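To start, the structure itself, in C-alpha cells.
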Amino acid sequence: MLVEIVVCVFLVIGGLFGLVGSFGLLKLQDTMQRLHAPTKATTLGIGGVLIASMLYFLLIKDSFSFHELMITLFLFLTAPISAHFLAQTHISLRMKQSDLPESGGEYSWSLFDDPPVMDKPSEPAAPTQAPH
Amino acid sequence: MITYALVFAMACFGLGLLMNLWLLVRGPGRADRVLALDTMVINVVALLILYGIRQGTGVYFEASMLIAMVGFVSTVAYCRFILRGDIIE
C-alpha cells in the first residue's frame, strides 16, 4: 500500500511538472524565456515519471532494469545541449551583436566571429576564387 | 490507485502535447518551432513510459530510448542547419 502511494505521488508530480513545462511554453512571452520551460520543468517531469517507473518495476513487479537510468541520464545530458543550440539559433536569427553583453575575453562571441556564408539567390554571389 | 495516477499523468502529458502542437503552429520564429518539436519528443517519451507501466512490460523502454536519441539528434541537426546552412561542414 505504501509502495503504491509513493509511486502515485511520483506519477502525479511528474505529470504536473510536464504540464507546467508545456503550459509555460505557451504562456511565456519571449523565445529566451520560453527556453526555460521545456528544458527545466519538462525534464523534471519526465524524471518523476522515470522514478515512478523504476519504483513500480522494482517493488511491485520485482524486476529491475537499467533502461530508466539510461533514459534519465541521456535526457538530463542532452537537455542543456539542445537548449544551448536553440539559444544560438535564436540569437543568430533575431539579435544583433550590439544586443549581447561583452564576452569578457580577448575575442568576441564565436557566433558573430565566424558567420556562415549564405548564398542568397537575389544577390550576386561573392566570388570565392580569383578569376583566371 | 496506480491506475488513476497513470491516467492523470497521461492526461497531463497528452494535454502538454496539444499545447506543443499549438506552439508549433503559432510559433513566431523558427527557433520556437524547433523548441516545440523538441518538447513534443520529450512528452512522447514520457507517454511511452507511462504506457509501459500500464501494460506492465519493459518493452517500451527501448522504444523510448530510441525516440529520445532521434529527437536529440534531429534537434541538433535542425539548429545547425539554421545556424550554418549545413549540418556537417
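Values in this document were obtained by computation on a predicted structure and should not be read as measured data. We name chains A, B, ... by the order of the sequence lines, and we start the count at 1 in each one.
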Requested in this report: Assess whether atom CD of B:Gln55 is packed by more than 12 heavy atoms of other residues, nucleotides or ligands within 6.0 Å.
Outcome: yes
Requested in this report: Please report the shortest heavy-atom distance between B:Leu35 and A:Pro38, naming the atom on each side.
Outcome: CD1-CG, 3.7 Å
Query raised in the report: How long is the gap from CZ on A:Phe74 to CE on B:Met69, to the nearest 0.5 Å?
Result: 5.0 Å
Requested in this report: Sort A:Val7 into side chain, backbone, both or neither according to what part of it lies under 4.5 angstrom from a heavy atom of chain B.
Outcome: side chain
Query raised in the report: So what's closer than 4.5 Å to chain B heavy atoms on A:Phe23: side chain, backbone, both or neither?
Result: both
Query raised in the report: Where is the tightest heavy-atom contact between A:Ser82 and B:Thr75, given as atom of each residue plus distance?
Result: CB-CG2, 3.9 Å
Query raised in the report: What distance do A:Leu11 atom CG and B:Met1 atom CE have between them, rounded to the nearest 0.5 Å?
Result: 10.5 Å
Requested in this report: Could you check B:Ile2 against A:Ile60 for side-chain contact (heavy atoms from CB on, under 4.5 Å), going step by step and ending with a plain yes or no?
Outcome: CA-CA 11 Å; B:Ile2 286 183; A:Ile60 296 179; 3.7 Å; yes
Requested in this report: Look up atom CD1 in A:Ile46 and atom OG in B:Ser64, then write down how far apart they are to the nearest 0.5 Å.
Outcome: 8.0 Å
Query raised in the report: Is there a side-chain contact (heavy atoms from CB on, under 4.5 Å) between A:Leu16 and B:Phe8 once you walk through the steps?
Result: CA-CA 9 Å; A:Leu16 280 179; B:Phe8 175 76; 3.9 Å; yes
Report summary line: Here the pair of heavy atoms bringing B:Thr39 nearest to A:Ser22 is CG2-OG, 4.4 Å
Query raised in the report: Are B:Phe13 and A:Leu19 close enough that some pair of their side-chain heavy atoms sits under 4.5 Å apart?
Result: no
Query raised in the report: Taking every heavy-atom pair that is under 4.5 Å apart, which of B:Val45, B:Asp86, B:Ile53 has the most such pairs with chain A?
Result: B:Ile53
Query raised in the report: Distance only, no hydrogens: is a donor on one side chain within 3.5 Å (strictly under) of an acceptor on the other, for B:Asn43 and A:Thr42?
Result: no
Requested in this report: Can you measure from CZ (B:Arg80) to OG1 (A:Thr89) and round to the nearest 0.5 angstrom?
Outcome: 10.0 Å
Query raised in the report: Side-chain contact, heavy-atom cut-off 4.5 Å: A:His67 with B:Glu62?
Result: yes
Requested in this report: Heavy atoms only: give me the nearest A:Leu86-B:Ala31 pair and the separation to one decimal.
Outcome: CD2-O, 3.7 Å
Query - Nearest heavy-atom neighbours spanning A:Arg34 and B:Pro28 - result: NH1-CD, 3.8 Å
Query raised in the report: If you draw a 6.0 Å radius around CZ in A:Phe10, do more than 12 non-hydrogen atoms from other residues or ligands fall strictly inside?
Result: no
Query raised in the report: Does the side-chain contact (heavy atoms from CB on, under 4.5 Å) test come out yes or no for B:Leu83 and A:Gln88, once each step is laid out?
Result: CA-CA 8 Å; B:Leu83 271 175; A:Gln88 261 193 336; 3.5 Å; yes
Report task. Measure the spacing between NE2 of A:His90 and CZ of B:Arg30 and express it to the nearest 0.5 Å. Result -> 12.5 Å
Query raised in the report: Any idea which of B:Thr57, B:Leu18, B:Val34 has the most non-hydrogen atom pairs under 4.5 angstrom with chain A?
Result: B:Thr57
Query - A:Phe57/B:Phe61 aromatic ring centres below 6.0 Å - result: yes
**Report entry** Greatest number of heavy atom pairs closer than 4.5 Å to chain A - which of B:Ala11, B:Gly16, B:Gly14, B:Gly52
**Finding:** B:Gly16
Query raised in the report: Taking atom CD1 of B:Ile49 and atom CE of A:Met54, what is their separation to the nearest 0.5 Å?
Result: 10.0 Å
Report summary line: Ranking A:Val20, A:Ile71, A:Leu35 by heavy-atom pairs under 4.5 Å to chain B gives rank one to A:Ile71
